[in-house]
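Everything below concerns the one structure shown next.
In this chain, residues are counted from 1 in sequence order.
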Amino acid sequence: MTEIIYVLLVGYAGYVIYTAMSDESITKKTEKPSAAAFTAPPPLMPNIESKLLVKPETISKVEKTDDQSSKTTTAKKGLKNPKTGEITSSYANYRVMKRWIKDALVSEGLLDKIYKNNELTPDIEAKIKNAIIQLEQNDTYRT
C-alpha cells in the first residue's frame, strides 16, 4: 500500500515540476512590452487655476485676517499644570488621572484626600466629577 502512495506522490511531484517549467518557457517566449507602452498618462486636470472659484490672492488675504480667530480655536482644551505648564485633556477617569490633578483637587480643598482605586464608589466618583468641574472653573488651572 505504501509503495502505491509513494508512486502516486512521485508522479504528482513530477507533474507539478513539468507544469512549472512549461509556464516559464511560455512567459520567456512572449514579447516584453516596449518602453513606449509605459508613457505617462495625460494629467487629469490640466488647468486647475482657471477652474478655481476663489483666486489664491484672496485666500492669502483671508488667512492674514483670520489669524487671531484661528489661534483661539486651535488652543487645547483641558487643565493646565501651573508649575510645569503641561496641558492635560484626558482627565475624565479618576483611575488614570495624572497625579498633579489629584494633588490639585486636594490642595484646592475640593476633595478630602487622594482616593485609591479600591476606595472608589459611585458616590465618591460623583463627588470627584463635581470637584473636577470646579477645578476647571479655577483660573490657575484653566488653559
Side-chain angles (χ1 to χ4, degrees), residues 1-108 110-138 141-143:
M1 184 71 179
T2 57
E3 292 89 13
I4 296 172
I5 292 174
Y6 179 71
V7 169
L8 291 174
L9 182 64
V10 170
Y12 179 71
Y15 171 74
V16 170
I17 292 172
Y18 172 74
T19 56
M21 291 296 195
S22 67
D23 287 344
E24 280 185 25
S25 64
I26 291 172
T27 56
K28 286 181 183 177
K29 291 179 183 175
T30 59
E31 286 186 29
K32 293 184 179 179
S34 64
F38 292 112
T39 58
L44 296 176
M45 299 182 81
N47 195 1
I48 293 177
E49 288 187 8
S50 64
K51 295 180 182 179
L52 288 176
L53 297 177
V54 180
K55 298 296 178 193
E57 300 86 34
T58 58
I59 292 174
S60 62
K61 290 177 185 175
V62 171
E63 287 177 357
K64 289 177 184 174
T65 58
D66 288 343
D67 256 354
Q68 293 174 350
S69 63
S70 65
K71 287 180 184 176
T72 58
T73 57
T74 59
K76 283 188 176 179
K77 202 171 194 183
L79 293 174
K80 183 176 92 174
N81 188 350
K83 295 177 184 173
T84 62
E86 173 190 9
I87 297 174
T88 303
S89 60
S90 61
Y91 49 87
N93 189 353
Y94 188 78
R95 294 175 193 260
V96 294
M97 190 180 294
K98 297 224 178 212
R99 184 69 179 191
W100 69 265
I101 298 175
K102 293 177 182 179
D103 290 336
L105 290 171
V106 174
S107 66
E108 292 293 325
L110 302 173
L111 289 178
D112 301 330
K113 64 176 189 168
I114 296 176
Y115 294 99
K116 296 180 182 176
N117 290 340
N118 60 358
E119 297 175 341
L120 296 176
T121 62
D123 295 333
I124 293 175
E125 287 179 0
K127 186 177 178 183
I128 291 169
K129 288 185 182 187
N130 289 334
I132 290 173
I133 291 171
Q134 292 175 357
L135 188 68
E136 288 174 340
Q137 303 302 321
N138 193 339
Y141 299 102
R142 190 178 304 165
T143 56

- prompt: Does Ile132 reach the side chain of Leu105, with side-chain heavy atoms less than 4.5 Å apart?
  reply: yes
message: Can you confirm whether Lys80 is buried at NZ, in the sense that more than 12 heavy atoms of other residues, nucleotides or ligands lie under 6.0 Å from that atom?
response: no
message: Once salt bridge (Lys or Arg N to Asp or Glu O under 4.0 Å) is applied, do any residues pair with Glu86, and if so which ones, sequence neighbours excluded?
response: Lys98
Asn117 side, atom CG; Asn93 side, atom CG - distance, nearest 0.5 Å: 8.5 Å
message: As an exercise, state the distance from CZ of Arg95 to CG of Leu120, rounded to the nearest 0.5 Å.
response: 5.0 Å
Side-chain heavy atoms of Tyr141 within contact of Ile101, under 4.5 Å: no
field: Distance-minimising heavy-atom pair for Val106 and Lys113
entry: CG2-C, 3.6 Å
- prompt: So, do Tyr94 and Ile114 sit near enough that their side-chain heavy atoms are less than 4.5 Å apart?
  reply: yes
- request: Could you grab the distance from atom CZ of Arg142 to atom CG of Leu135, nearest 0.5 Å is fine?
  value: 10.5 Å
task: Working to the nearest 0.5 Å, report the span between CD1 of Ile128 and CG of Asp123.
output: 11.0 Å
query: Below 4.5 Å, heavy atoms only, C-beta onward: do Thr84 and Trp100 meet side chain to side chain?
result: no
